[in-house]
Amino acid sequence: MSRIVITGIGVISALGEFAETNHTALVKAECGLSSLQLFKTIYSETLKFGEIKIENEQLKNRLGIKNKGITRTSLLALHALNEAVNDSKLKEVQIKSYDTALIVANTVGGMCLTDELFQDANSKDNGSEYVSSYDCGSTTLFLQNQLGVKGVCNTINTACSSSANALMFAARLINNGYANRAIVGGVDSLAKFTINGFNSLGILAPQNCKPFDKNRNGLNLGEGSGFIVMEKESDVIDKKIYAVLSGYFNSNDAFHPSALSDNGDGPFLAMKGALKTANLSPFQIGYVNTHGTGTENNDEVEGKALKRIFETVPPFASTKSKIGHCLGGAAAIESVFSIIALNNQEIYPSLNFITPIESTGLIPLLEYKNHSFDHIMTNSFGFGGNCSSLIFSKK
Amino acid sequence: MYIHKSTCISPQQTYSDVDLEKLNISVNNMLNVVEPKYDDIPLNVLRRMGKAVRMGVGAALPLIKDSKNIDGIIIGTANGGMEDCIKFLNQIVQFEEGRLTPTNFVQSTPNAIAAQIGITNQNKCYNITHVHRGLAFENALIDAQMLLRENLEFNLLVGGVDEISSYNYNIENLGGWFKDEEIDNTKLYKNETKGTIAGEGVTMFVVNNCKENSIANISAIKTLHTNNTEEVAEQLKLFIEKNISPDKNIDLFLTGENGDNRLQNYYNVCENIFDNNTSIARFKHYCGEYPTASAFSVWLASKILNNQIIPQHFIKCKSNSNKLERILIYNNYKGQQHSFMLIEK
């Protein structure tokens with residue numbers, strides 16, 4: 001079986017609008033969290049978010065989108081997707097062929113338009129321009145239509161781990177002969193729905209989040225999108241190969257709808273399974289991009305699970321301290337970051353850490369470092385116990 | 001991929017004491033589910049569940065209880081708990097983003113159904129939710145098909161779930177997808193106007209690679225995105241060529257025709273591919289239109305293959321033969337998403 005390689009990457013986040021600007025910000029350990037300037041909620045001033053400071057009209061102009069009813073979620077996705085597809089130099093005929101798949105994860109869909117949705121859902125006449133754009137599938141269907149993709153199209157929602165499962169599904173489509181290449185990613189935009197949802201659970205941090213710190217007090221929500229192009233190694237001639245997607249696994253914690261179990265069985269099984277798929281031993285992992293939300297529950301459980309897997313825990317960090325938690329976009333964005341780290345043989349620090357959690361004593365990476373390594377693991381754990389881990393390896 | 005067990009909660013008598021001849025009549029252009037008692041769910045848990053989660057868990061539990069092991073939970077749902085979602089939205093607006101209660105939020109995420117099934121059964125295996133609108137269930141089936149190739153011994157739970165809430169009815173209605181005039185489901189196929197009637201339901205299957213004692217074989221699946229009728233017909237011909245040897249007959253062509261005159265041509269061009277050795281039947285007057293109605297059609301096909309009879313109200317056109325070994329399903333969602341599924345004995 002031919003290995004699955006990454007030939008294109010694209011990302012837009014609070015750190016930057018393209019892969020290269022995100023890379024520069026990661027190297028400089030910049031933080032993209034801020035008060036809200038564009039998105040209106042009563043929490044705009046009191047909480048910190050990973051907001052992308054580009055208005056929808058500007059995104060539409062840049063992307064050449066003139067049709068009505070296109071949501072911010074769809075625009076951010078198209079922005080990252082275009083970058084990835086151009087980067088991989090996919091030909092028009094390949095994009096439109098029946099053996100190219102398009103797999104997209106998101107959790108809010110068009111619900112970023114909370115007020116419009118409220119109107120339409122409670123109305124018997126005069127629908128808004130967005131009546132067909134509220135579900136998660138609407139973003140994928142918009143992208144499918146823009147590109148004219150003919151192969152398998154799918155939308156996945158496993159809450160915060162959605163886009164890890166999108167990457168995994170795309171890789172399996174190729175391995176099982178349902179596609180020869182895939183355009184795959186994840187996206188979410190800020191929404192009153194998720195802001196108030198996470199706030200009602202009491203897990204939004206009042207200031208910038210502090211992943212793995214003893215005094216961490218919640219997460220920051222972010223927005224953004226990451227996309228990659230996957231191809232079979234045997235099909236790739238004369239183009240840059242960023243990395244190999246060597247391992248993936250999905251497991252359920254089966255404990256609680258919105259919290260992880262004490263022992264972190266779901267995270268443990270996801271990491272263990274990904275190592276097995278990649279045929280690697282734990283010591284071969286050179287860096288872990290953690291889920292690291294900054295919540296009381298996640299970081300302690302993830303730390304425990306890391307200690308169960310690794311005799312010596314490798315350097316690890318959370319990029320959520322820089323871009324917030326981008327939900328359905330998180331794993332795809334962080335996969336792009338992981339691929340960039342592996343390609344440049346460097347690792348990026350976690351911000352705002354002071355004191356280790358007592359039960360684990362784990363300290364995340366605190367400074368930018370050149371680092372010689374072959375394999376990177378990235379974790380994503382979601383509500384509903386949906387846990388997935390991916391491993392990218394050097395070509 | 002062989003079906004070994006199934007449950008179906010639909011607007012009709014399909015859960016226990018199945019009666020395919022009986023036809024409940026729609027009310028206000030809606031076919032609402034007939035919900036069972038859910039004996040397997042503790043009352044205090046049941047009270048907190050929204051309809052989609054309740055139906056999903058309720059249909060899954062008897063199958064899991066009856067199976068030795070379940071190695072994966074794969075759910076297709078376009079919207080999940082839409083009612084909880086809008087209830088939470090209403091809270092946001094009503095209380096101007098103040099202190100809100102999280103129950104509706106947690107239940108509104110589409111993955112809550114698969115997650116709740118996992119939690120209820122302490123099942124730590126593969127767990128995923130496909131939400132690709134009118135092809136959410138088909139993608140769940142493709143996922144199951146792949147998982148059974150990767151793990152030959154696996155036993156999987158795969159299903160489709162979608163509910164009618166007054167909110168998504170409003171939104172779809174504003175989008176022009178339901179009929180303006182009130183009709184009842186016995187007159188659905190008159191095709192004079194745009195729109196259809198709303199439906200809902202849950203269908204769950206236990207599938208594996210073991211042919212012995214199976215109910216039916218889901219032998220091929222193909223999905224397609226296009227608004228070109230000719231392309232649909234072309235792809236259907238290719239699907240038949242690829243998956244059915246010329247000496248085998250397609251005994252029944254089962255379609256998702258739904259009375260929307262804008263979509264009729266898709267069904268016409270596909271029906272034209274068949275000769276009088278193939279019967280043609282329809283199912284949306286029975287379950288209504290919803291994004292995962294195709295899951296219901298797979299259940300119906302498996303019943304027809306086992307009963308060796310197609311109740312009259314499903315039949316559009318009867319073939320010369322009485323044999324029923326092979327059923328091809330074509331479904332179309334909003335003229336944009338299409339699927340072909342081959343179900344065999």
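Counting heavy atoms from C-beta outward, B:Gln337 and A:Leu141 have side chains that approach closer than 4.5 Å. Inter-residue side-chain proximity for B:His132 and A:Ile156 is flagged as unmet; no heavy-atom pair is nearer than 4.5 Å. In this structure, B:Gln116 and A:Pro257 have side chains that are in contact, with non-hydrogen atoms separated by less than 4.5 Å.
A salt bridge links B:Lys124 to A:Asp265: one of the charged nitrogens lies within less than 4.0 Å of a carboxylate oxygen. The residues B:Glu231 and A:Lys150 are annotated as salt-bridged, a charged nitrogen and a carboxylate oxygen being separated by less than 4.0 angstrom.
Using modelled atom types, one side-chain atom of B:Asn170 and one backbone atom of A:Ala121 make a donor-acceptor pair closer than 3.5 Å. No donor-acceptor distance shorter than 3.5 angstrom exists from the side chain of A:Asn157 to the backbone of B:Thr129, with no hydrogens or angles considered. Of the possible polar contacts, none joining the A:Asn250 side chain to the B:Ile128 backbone as a donor-acceptor pair under 3.5 Å is found. Using modelled atom types, no side-chain atom of A:Tyr134 and backbone atom of B:Ile171 make a donor-acceptor pair closer than 3.5 Å.
Chosen from B:Gln145, B:Arg149, B:His130, B:Met146, the residue pairing most often with chain A at heavy-atom distances under 4.5 Å is B:Met146. With respect to chain B, the highest number of heavy-atom pairs below 4.5 Å among A:Asn122, A:Thr155, A:Val131, A:Asp120 belongs to A:Thr155. Per-residue heavy-atom pair counts under 4.5 Å with chain B were compared for A:Asp135, A:Asn154, A:Ile195, A:Thr114, and the maximum is reached by A:Asn154. Ranked by non-hydrogen atom pairs under 4.5 Å with chain B, the options A:Tyr130, A:Tyr43, A:Phe198, A:Tyr178 are led by A:Tyr178. Chain A forms more heavy-atom pairs under 4.5 Å with one residue of B:Val106, B:Asn168, B:Asn90, B:Ile142 than with any other, namely B:Asn90. When B:Gly80, B:Gly98, B:Gly176, B:Cys85 are compared by the number of non-hydrogen pairs under 4.5 Å with chain A, B:Cys85 comes out ahead. Counting heavy-atom pairs closer than 4.5 Å to chain A, the top-ranked of the candidates B:Ala115, B:Cys125, B:Gly118 is B:Cys125. Taking B:Ile73, B:Asn79, B:Asn121, B:Ile92 one by one and counting their heavy-atom pairs under 4.5 Å with chain A, the maximum is reached by B:Ile92. Interface check for chain A: of the options B:Ile117, B:Leu100, B:Val131, the most heavy-atom pairs under 4.5 Å are formed by B:Val131. When each of A:Gly127, A:Gly137, A:Cys136 is scored by its heavy-atom pairs under 4.5 Å with chain B, the top score falls to A:Gly127. Taking chain B as the reference chain and counting heavy-atom pairs below 4.5 Å, the highest number among A:Leu173, A:Thr194, A:Asn145 is found for A:Leu173. Chain B forms the most heavy-atom pairs under 4.5 Å with one residue out of A:Cys153, A:Gly273, A:Ser251, A:Ser132, and that residue is A:Cys153.
Dense packing is recorded around NZ of B:Lys194, with more than 12 heavy atoms of other residues, nucleotides or ligands lying under 6.0 Å away. Heavy-atom neighbours of A:Lys96 NZ from other residues, nucleotides or ligands within 6.0 Å: above the threshold of 12. Other residues, nucleotides and ligands contribute more than 12 heavy atoms inside 6.0 Å of the CD atom of B:Glu182. At most 12 heavy atoms of other shown residues, nucleotides or ligands fall within 6.0 angstrom of atom CG in A:Asn279. Under a cut-off of 6.0 angstrom, the local environment of CG in B:Asn209 is crowded, with over 12 non-hydrogen atoms contributed by other residues, nucleotides or ligands.
Contact annotation for A:Ser162: neither backbone nor side-chain heavy atoms come within less than 4.5 Å of a heavy atom of chain B. Proximity to chain A (any heavy atom under 4.5 Å) is restricted, for B:Glu96, to the backbone atoms N, CA, C and O. For B:Lys222, the part lying near chain A is the side chain, with the backbone staying farther off; criterion is any non-hydrogen pair under 4.5 Å. For a residue to count as touching a neighbouring chain, one of its non-hydrogen atoms must lie under 4.5 Å from one of that chain's; by this rule B:Ser108 touches chain A with the side chain only. At a 4.5 Å heavy-atom cutoff, B:Glu172 makes no contact with chain A through either its backbone or its side chain. Neither the backbone nor the side chain of B:Gln91 comes within contact range of chain A, judged by heavy atoms closer than 4.5 Å. If you measure heavy-atom distances from A:Ile42 to chain B, the contacts under 4.5 Å come from both the backbone and the side chain. Looking at B:Leu135, neither its backbone nor its side chain comes within 4.5 Å of chain A, counting heavy atoms on both sides. Both the backbone and the side chain of A:Thr41 come within contact range of chain B, with heavy atoms under 4.5 Å apart. Proximity to chain B is limited to the side chain of A:Asn386, based on heavy atoms less than 4.5 angstrom apart. A:Phe383 touches chain B through backbone and side chain together, each having a heavy atom under 4.5 Å away. Contacts between B:Tyr167 and chain A at a heavy-atom distance below 4.5 Å involve backbone atoms as well as side-chain atoms. For a residue to count as touching a neighbouring chain, one of its non-hydrogen atoms must lie under 4.5 Å from one of that chain's; by this rule A:Asn126 touches chain B with the backbone only. At a 4.5 Å heavy-atom cutoff, A:Thr107 makes no contact with chain B through either its backbone or its side chain. With a threshold of 4.5 angstrom between heavy atoms, B:Val93 approaches chain A through side-chain atoms but not through N, CA, C or O.
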Quiz item: Would B:Leu224 and A:Tyr98 satisfy side chain to side chain contact (heavy atoms under 4.5 Å, CB included), going step by step from the backbone distance to the final call?
Solution: CA-CA 9 Å; B:Leu224 181 65; A:Tyr98 282 94; 3.9 Å; yes
Exercise. With side chain to side chain contact (heavy atoms under 4.5 Å, CB included) as the test, would you mind laying out the steps for B:Arg133 and A:Ser138 before giving the verdict?
Key: CA-CA 8 Å; B:Arg133 199 180 279 177; A:Ser138 64; 3.5 Å; yes
Exercise. Output, in order, the C-alpha distance, side-chain angles, deciding distance and verdict of side chain to side chain contact (heavy atoms under 4.5 Å, CB included) for B:Tyr126 and A:Phe249.
Key: CA-CA 8 Å; B:Tyr126 186 77; A:Phe249 202 77; over 6 Å; no
Self-check item: Candidate pair B:Leu147 and A:Arg172, rule side chain to side chain contact (heavy atoms under 4.5 Å, CB included), full reasoning
Solution: CA-CA 9 Å; B:Leu147 213 49; A:Arg172 292 169 57 232; 3.5 Å; yes
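B:Glu150 and A:Asn176 share a side-chain donor-acceptor pair at under 3.5 Å.
One distance of note links OG of A:Ser200 with CZ of B:Phe88; it measures 4.0 Å at 0.5 Å rounding.
The ring-ring contact (aromatic ring centres under 6.0 Å, His included) test applied to B:Phe178 returns B:Tyr169, not counting sequence neighbours.
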